[in-house]
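FYI, side chains are in, hydrogens and waters are out, and symmetry mates aren't considered; it's all heavy atoms of this structure. This structure is a prediction, so every number in the text was calculated from the model and none was measured.
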Amino acid sequence: MTSTVPNAVQHTDAQPPITMFGPDFPYAYDDFLAHPAGIGQIPATEHGAEVAVIGGGLSGIVAAYELMKMGLRPVVYEADRIGGRLRTVGFEGCDPALTAEMGAMRFPPSSTALQHYIDLVGLETKPFPNPLSPATPSTVVDLKGESHYARTIDDLPPVYREVMDAWNSCLEEGADFSEMNRAMRERDVPRIREIWAKLVEKLDDQTFYGFLCASDSFSSFRHREIFGQVGFGTGGWDTDFPNSILEILRVVYTEADDHHRGIVGGSQQLPLRLWEREPQKLVHWPLGTSLSSLHDGQPRGAVTRLDRTAGNRVTVTDATGDIRTYRAAVFTGQSWLLLSKIACDDALFPIDHWTAMERTHYMESSKLFVPVDRPFWLDKDATTGRDTMSMTLTDRMTRGTYLLDDGPGKPAVICLSYTWCDDSLKWLPLSPKERMDVMLKSLGEIYPGVDIRKHVIGNPVTVSWENEPYFMGAFKANLPGHYRYQRRLFTHFMQDRLPADKRGLFLAGDDISWTAGWAEGAVQTALNAVWGVMAQFGGATDPTNPGPGDVFDDIAPVELPEG
C-alpha cells in the first residue's frame with residue numbers, strides 16, 4: 001500500500017529519477033531550470049516594462065520571480081494572502097512553531113521543478129507520515145466497524161494484498177504501466193507519446209471506476225469497495241471514482257502519490273521566501289532587488305475587472321478602483337474566478353477557451369487540525385504492546401487522520417480529518433467545534449480507551465476549500481470527455497496560434513496543468529507563462545536551453561478530433 005508501482009517494475013540506481021512532467025507534455029522543466037544559460041531573456045529596450053501577475057499563490061510568485069530576473073517589472077495582485085493553497089497557519093495561544101497545513105502538505109520526489117525552488121530558498125523536507133509509509137509508526141485500517149493494526153501491508157488481512165495486486169494488474173493490463181514507467185524514467189519522449197496517444201483516444205470517455213470494472217483483476221465488488229475506501233499511497237480513491245481515468249494515470253505514472261515529503265516549518269514559506277528573495281543573477285534591476293522591494297512590501301489587492309483595450313492591451317481594475325493597462329498579464333487564480341468574482345470582457349479569450357473554463361470540474365476538500373500537548377499516540381498499550389493511536393484510514397466521517405510531531409515530549413498536531421468531495425461537503429454546515437466533536441466521536445469508536453480530548457491544548461483550525469471565496473474548490477479534476485478542454489487551457493501559452501486580439505493574457509496555475517492538485521503543476525504552468533510573456537516581448541531562450549514553447553511542436557499534447 002505504500003506504492004502504486006507494480007512489483008514488475010524494477011528500479012536501479014543507474015536509472016534517472018522519474019519526474020512529474022506527465023505523459024501529455026514530456027518536457028524536462030528541471031533541466032530547463034538547472035541550465036547555466038538561464039531560462040530566457042528579453043530585448044534591453046523592454047527592460048522595466050510592467051507585467052500584471054494576478055494571484056500570489058505559488059504559480060504567481062514563481063512567474064513573477066522569473067519575470068523579474070529577466071528585467072521585467074511584475075505587478076502582483078493578491079486578494080487574500082501570498083501562498084494560495086500553500087497555506088500554513090498557527091494555533092491561537094500556542095507555540096508559533098506548531099502549525100497546520102490547510103492546503104498542500106505532502107510533495108513527491110518526482111516534483112523536480114518544485115524541488116528546484118525548495119532548494120533555492122533553503123527549505124528542508126522530511127518524510128510525510130502517509131498510511132503504511134516508513135515514516136509512519138503504525139496504521140489502523142477501520143472498515144465496517146472492524147479495525148486492523150499494521151506497520152506494513154503484510155500485517156493486514158490477505159484481502160488487502162489481493163487488492164494491491166489487483167490494482168497493479170489493472171494498471172499493467174489496461175494502461176501499459178511498466179512500459180510507460182520505464183519510458184518516463186528514461187525520458188524516452190517518442191515512446192511516451194506512442195503509448196499515451198493510444199490511451200488518450202481509448203480512455204478519454206472512461207471513468208476511474210469504469211476502468212476498474214473493465215479489468216478482470218477487479219471483478220470482485222468487495223475488492224473495488226476496499227480499494228475505494230483505503231486505496232494505496234495516500235489513502236482512499238473512491239472520491240475520484242467519477243473522474244476521468246486519464247487523471248489517475250497521470251498521478252500513478254509520475255509516482256505523484258509515492259514517497260511524500262513535507263516542508264519543515266510549513267509549505268507557505270516557499271512563496272513567502274521567493275517573495276523576499278534577492279536573486280544574485282538578474283537583469284536590469286540592481287542587486288538587492290526582490291519582488292517585495294518592487295511592491296514596497298505588499299502586493300496590490302484583489303482584481304475586480306479585466307478588459308481588452310486598444311492595442312491588444314489588458315486593463316486591470318483592482319478593489320481600490322485603481323486602473324492599470326499592461327501589454328502582458330498572467331492569470332494564476334482558479335478559472336471559475338473569471339466567471340464570477342472578476343468582471344471580464346468576453347474578448348479576453350477565444351470562446352472555446354471560455355467553454356473549457358466553464359467545464360472545469362473542481363474537487364471539494366476539507367481539513368481540521370488540533371494542537372495536542374505531546375505525541376501521546378506513541379505510548380504503548382500495556383495489554384497489546386501497540387501504539388495508543390495510529391494514522392487512521394476509515395469509512396467513518398473522518399476518513400483520514402494524520403499524526404504529526406517533531407519528537408517525544410514536544411507539542412504536536414493531529415489532522416483529525418482530511419476529506420474530499422461528498423465527504424468534504426458533509427462537514428460544510430458545521431462549525432469548527434461541531435466538526436471536532438463529531439470527529440472525536442468517530443475516533444472514539446475506533447480507539448475506545450483513548451481520551452484524545454484531554455490532550456488538546458488549543459482551538460481547532462479548519463478549512464473547506466469549496467467555501468473559500470477566492471478558490472471555490474480545492475483542485476481541478478477532469479471528468480470523462482474533458483481532455484480537449486484541458487488541452488486548450490494548458491496550451492494557451494502558445495499564443496502564436498491565437499488571433500492578435502486574443503494574445504497577451506496568459507493562464508497559469510495548477511488547474512491549468514495536466515496534474516492538478518500538485519504544486520509541481522503550478523510551477524510548470526508558471527514557467528510556460530513566463531516563456532509566453534518572454535515571447536510576447538520579443539525575447540528568446542538560449543539555443544542550448546530551449547524552453548517549453550520552443551519544443552512545443554515536438555512534444556505537444558495529443559490532439560483529439562473536435563468533430
task: Show the numbers, then the answer: is there a side-chain hydrogen bond (donor to acceptor under 3.5 Å, both in side chains) between Ser424 and Glu466?
output: CA-CA 9 Å; Ser424 177; Glu466 57 274 20; 2.8 Å; yes

field: Evaluation steps, salt bridge (Lys or Arg N to Asp or Glu O under 4.0 Å), between Asp204 and Arg484
entry: CA-CA 9 Å; Asp204 176 47; Arg484 293 170 180 83; 3.4 Å; yes

message: Set out, in order, the CA-CA distance, both residues' side-chain angles and the distance that settles side-chain hydrogen bond (donor to acceptor under 3.5 Å, both in side chains) for Glu255 and Ser110, then state yes or no.
response: CA-CA 7 Å; Glu255 298 182 10; Ser110 56; over 6 Å; no

message: side-chain contact (heavy atoms from CB on, under 4.5 Å) for Asp542 and Ile39? Distances and angles first, verdict last.
response: CA-CA 7 Å; Asp542 188 284; Ile39 67 170; over 6 Å; no

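In this structure a side-chain-to-backbone donor-acceptor pair under 3.5 Å is missing from Tyr253 to Met184. Side chain of Ser244 to backbone of Leu479: no donor-acceptor contact under 3.5 angstrom is found. In terms of modelled atom types and a separation under 3.5 Å, the side chain of Arg261 and the main chain of Thr125 share a donor-acceptor contact. Under a 3.5 Å cut-off, the side chain of Arg327 and the backbone N or O of Arg313 do not form any donor-acceptor pair. At least one donor-acceptor pair closer than 3.5 Å links the side chain of Asp550 to the backbone N or O of Gly547. Trp336 contributes no side-chain N or O that, together with a main-chain N or O of His361, makes up a donor-acceptor pair within less than 3.5 Å. Glu364 places no side-chain N or O within donor-acceptor distance of the main-chain N or O of Gly473, the cut-off being under 3.5 Å. Ser513 contributes no side-chain N or O that, together with a main-chain N or O of Ala522, makes up a donor-acceptor pair within less than 3.5 Å. A donor-acceptor pair under 3.5 Å links the side-chain atoms of Thr254 to the main chain of Arg250, judged by distance alone. A donor-acceptor pair under 3.5 Å is absent between the side-chain atoms of His259 and the main chain of Pro109, judged by distance alone.
Here CG of Asn478 is found 8.0 Å from CG of Asn243. Values are rounded to the nearest 0.5 Å. Met20 contributes atom CE, which lies 12.5 Å from atom CG of Asp30 (distance to the nearest 0.5 angstrom). Here the OG1-CD distance, from Thr360 to Gln334, works out to 9.5 Å after rounding to the nearest 0.5 Å. A distance of 12.0 Å separates CG of Leu199 from CD of Gln206, quoted to the nearest 0.5 Å. Lys367 contributes atom NZ, which lies 6.5 Å from atom OG of Ser365 (distance to the nearest 0.5 angstrom). The distance from atom CG of Asn467 to atom CG of Leu425, rounded to the nearest 0.5 Å, is 10.0 Å.
In this pair, Trp237 and Phe227 present their aromatic rings parallel. The plane angle is below 30°, not in the 30 to 60° band. By the 30° and 60° cut-offs, the orientation of the rings of Phe493 relative to Phe552 is perpendicular.
Residues Met105 and Tyr418 are in side-chain contact: their nearest non-hydrogen atoms beyond the backbone lie under 4.5 Å apart. Using a 4.5 Å heavy-atom cutoff, the side chains of Leu274 and Leu272 are not in contact. When side chains are defined from C-beta on, Thr525 counts as touching Ser59, because their heavy atoms get closer than 4.5 Å. Looking only at side-chain heavy atoms (C-beta outward), Ile248 and Ile245 come within less than 4.5 Å of each other. The closest side-chain heavy-atom distance from Gln486 to Tyr483 is not below 4.5 Å. You'll find the side chain of Met357 reaches within 4.5 Å of the side chain of Phe349, heavy atoms only. Residues Trp465 and Ser366 form no side-chain contact, since every pair of their non-hydrogen atoms from C-beta on lies 4.5 Å or further apart. Residues Pro23 and Trp514 form no side-chain contact, since every pair of their non-hydrogen atoms from C-beta on lies 4.5 Å or further apart.
Taking the centre of each ring, Tyr402 and Phe128 come in below the 6.0 Å mark. The aromatic ring centroids of Tyr27 and Phe21 lie 6.0 Å or more from each other. Trp518 and His260 have their aromatic ring centers within a separation under 6.0 angstrom.
Ionic pairing of Asp345 and Arg308 is not present here: no N-O contact between side-chain nitrogen and carboxylate oxygen is shorter than 4.0 angstrom. A salt bridge is absent between Asp510 and Lys476; no separation between the charged side-chain nitrogens and carboxylate oxygens falls under 4.0 Å. Looking at Arg497 and Asp553, a side-chain N of the basic residue comes within less than 4.0 Å of a carboxylate O on the acidic one, giving a salt bridge. Using a 4.0 Å cut-off between a side-chain N of Lys or Arg and a carboxylate O of Asp or Glu, Asp31 and Arg187 qualify as a salt bridge. With respect to Asp24 and Arg487, no salt bridge is recorded, no charged nitrogen being found less than 4.0 Å from a carboxylate O. A salt bridge does not link Arg488 to Glu559: none of the charged side-chain nitrogens sits closer than 4.0 Å to a carboxylate oxygen.
In summary, the side chains of Tyr117 and Arg273 do not present any donor paired with an acceptor at a separation below 3.5 Å, with no hydrogens or angles considered. Donor-acceptor pairing under 3.5 Å is recorded for the side chains of Asn130 and Arg106. A donor and an acceptor atom, one from each side chain of Tyr65 and Arg277, are located under 3.5 Å apart. In this structure, a donor-acceptor pair under 3.5 Å is absent between the side chains of Thr515 and Glu520. At a cut-off of 3.5 Å, with distance as the only test, a side-chain donor of Thr19 or Thr112 sits close to an acceptor on the other residue. With hydrogens and angles left out, the side-chain atoms of Ser217 and Glu173 include a donor and acceptor closer than 3.5 Å. Tyr29 and Asn528 share a side-chain donor-acceptor pair at under 3.5 Å. A donor and an acceptor atom, one from each side chain of Glu101 and Thr88, are located under 3.5 Å apart. Tyr362 and Ser335 are linked by a side-chain donor-acceptor pair at a separation below 3.5 angstrom, with hydrogens and angles left out of the test. Side chains of Asp165 and Asn168: no donor on one and acceptor on the other come within 3.5 Å.
Around CD of Glu358, the count of heavy atoms belonging to other residues, nucleotides or ligands within 6.0 Å exceeds 12. Heavy-atom contacts from other residues, nucleotides or ligands closer than 6.0 Å to CD of Glu124 number 12 or fewer. The local environment of CD in Gln41 is sparse, with at most 12 non-hydrogen atoms from other residues, nucleotides or ligands closer than 6.0 Å.
None of Arg81, Arg85, Arg87 except one satisfies the salt bridge (Lys or Arg N to Asp or Glu O under 4.0 Å) rule with Glu468; the exception is Arg87.
Stacking of Lys341 on the aromatic ring of Tyr470 is recorded, both the 6.0 Å distance cut-off and the 45° axial limit being met.
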